[in-house]
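The figures here come from the full heavy-atom set of this structure, side chains too, leaving out hydrogens, waters and symmetry mates. So you know, we letter chains A, B, ... as the sequences are listed, proteins then strands, and number each from 1.
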There are 2 protein chains.
Amino acid sequence: MTDTRTKIIDVAERMVRVGGYNGFSFREIAAEVDIKSSSVHYHFPNKEDLALAVANRYMQNILDALGDPAPVDATAEMQAGRYCQVFQHSFVESGSACLCGMLSSETALLPSSVKQVLIEFVDANVSWLEQGLGVPTSDARLIYTAMEGAMSTAALKQDVQWVASVSESVKRFVELAQAAT
Amino acid sequence: MTDTRTKIIDVAERMVRVGGYNGFSFREIAAEVDIKSSSVHYHFPNKEDLALAVANRYMQNILDALGDPAPVDATAEMQAGRYCQVFQHSFVESGSACLCGMLSSETALLPSSVKQVLIEFVDANVSWLEQGLGVPTSDARLIYTAMEGAMSTAALKQDVQWVASVSESVKRFVELAQAAT
DNA sequence: GTCTATAATTTGATAGAC
DNA sequence: GTCTATCAAATTATAGAC
């Protein structure tokens, strides 16, 4: 019962997370949804519109999964675990990297509206980590970039273990930083 | 006095590091080198050949810059600083991200020969970090992915500070891990 | 080694019928 | 909302002259 528009976004997200902005075309999407490319254009007049819809929905999904950065009774270690788990789950479920990491690597080819959404996503992640873990900005940035790089490398090596492995060290880092205060 | 072949690789590397595998074309390269695209094909019969040459030279340059992972009198902290500095320098000099990180994000679109070189690069980095810093594999992976992600995000946000910021936290992580032993 | 010319394919996008 | 048909542009790649 999913409407065509949603199906298009589903297929597009999968393709973007595998091959980036140039990794999907209206024709390929149309073929998978079993309509014609002109029908895709009816829902999304141009590529920028479609990419924007994909990026916005993805960002919202991840932020929803992260939830409240600092709920009562949550420790820094717990929130670090939660953060890693959300991305690990997203990777395992899709078998592909983070949409933001994929598109960041093509920044020069992106419409500025799409870049804007990606920047918002980065800022939201760093902000969540600062609040949830009580760590300084540079530590929050390290944790974010490490998870992004982990997913990207895991996709390259086709080895999910990379995400789990980096997650473990992220959690250890948080523990060490916590103990040092 | 640089020969045409070298000029082509120079231009191609710059373009790949900005826009990935689909971010360069024979025609664009030809225009910058001031020859025709068929002449580029003379030096590199197809795109795979050219990408391979770019990736191999890049890998060699970075590994040369890293040097001996464990020279006498070098501490883990010193080597961590050295590692971060090499990538930071590469980012500042080129104004663009790591070639490996760029291409990793398009793994599905790459010829397997190119993927192979990227995987070698990842393994060489992790191995260097393990030897030079005396850290376990998962920590080496975290440091590598954090630097890759930092360069990618710095390119997106057009903010060099991101690389410096993550570098600082990487060094702090190494110090904490060192003190915990 | 570099050129002109061109083939074969793919792409994003639009017009207009139903 | 979906279709057929089509356009203009760009892409990788090759053949053959000089």
Taking the six-membered ring of A:Phe26 (Phe, Tyr or Trp), confirm whether the NZ or CZ of A:Lys36 is under 6.0 Å from its centre and within 45° of its axis.
no
Checking all strands, does [X] fall into the base, sugar-phosphate, or nothing category for heavy-atom contacts under 4.0 angstrom?
X: A:Ser25; result: sugar-phosphate
X: A:Lys47; result: sugar-phosphate
X: A:Phe44; result: nothing
X: A:Ser38; result: base
X: B:Tyr42; result: base

Nearest whole angstrom, please: distance from the [atom2] of [N] to the [atom1] of [X].
X: B:Asp34; N: C:dC3; atom1: CG; atom2: C1'; result: 13 Å
X: B:Glu28; N: D:dA9; atom1: CD; atom2: P; result: 17 Å
X: B:Lys36; N: D:dA17; atom1: NZ; atom2: C1'; result: 16 Å
X: B:Leu50; N: D:dT11; atom1: CG; atom2: P; result: 14 Å
X: A:Asp49; N: C:dG12; atom1: CG; atom2: P; result: 13 Å
X: A:His43; N: D:dG1; atom1: NE2; atom2: P; result: 6 Å
X: B:Phe24; N: D:dA13; atom1: CZ; atom2: P; result: 10 Å

Residue B:Ser39, side-chain heavy atoms: nucleotide from C:dT11, C:dC3, D:dT12 that is nearest
C:dC3
Looking at D:dT12, C:dG12, C:dC3, which one has an atom nearest to any side-chain atom of B:Phe26?
D:dT12
Are A:Leu52 and A:Leu109 linked, directly or through other ILVMFWY residues, by side chains that come within less than 4.5 angstrom of each other?
no
Charged N to carboxylate O under 4.0 angstrom, B:Glu77 versus B:Lys171?
no
OP1 or OP2 of C:dT2 versus the side-chain N and O atoms of B:His41: is any pair under 4.0 Å?
no
Check this one for me: any side-chain N or O of B:Thr4 less than 4.0 Å away from OP1 or OP2 of C:dT2?
yes
What distance do B:Cys84 atom SG and B:Ile143 atom CD1 have between them, rounded to the nearest 0.5 Å?
7.5 Å
Could you check whether B:Phe91 and B:Phe87 have their ring centres less than 6.0 Å apart?
no
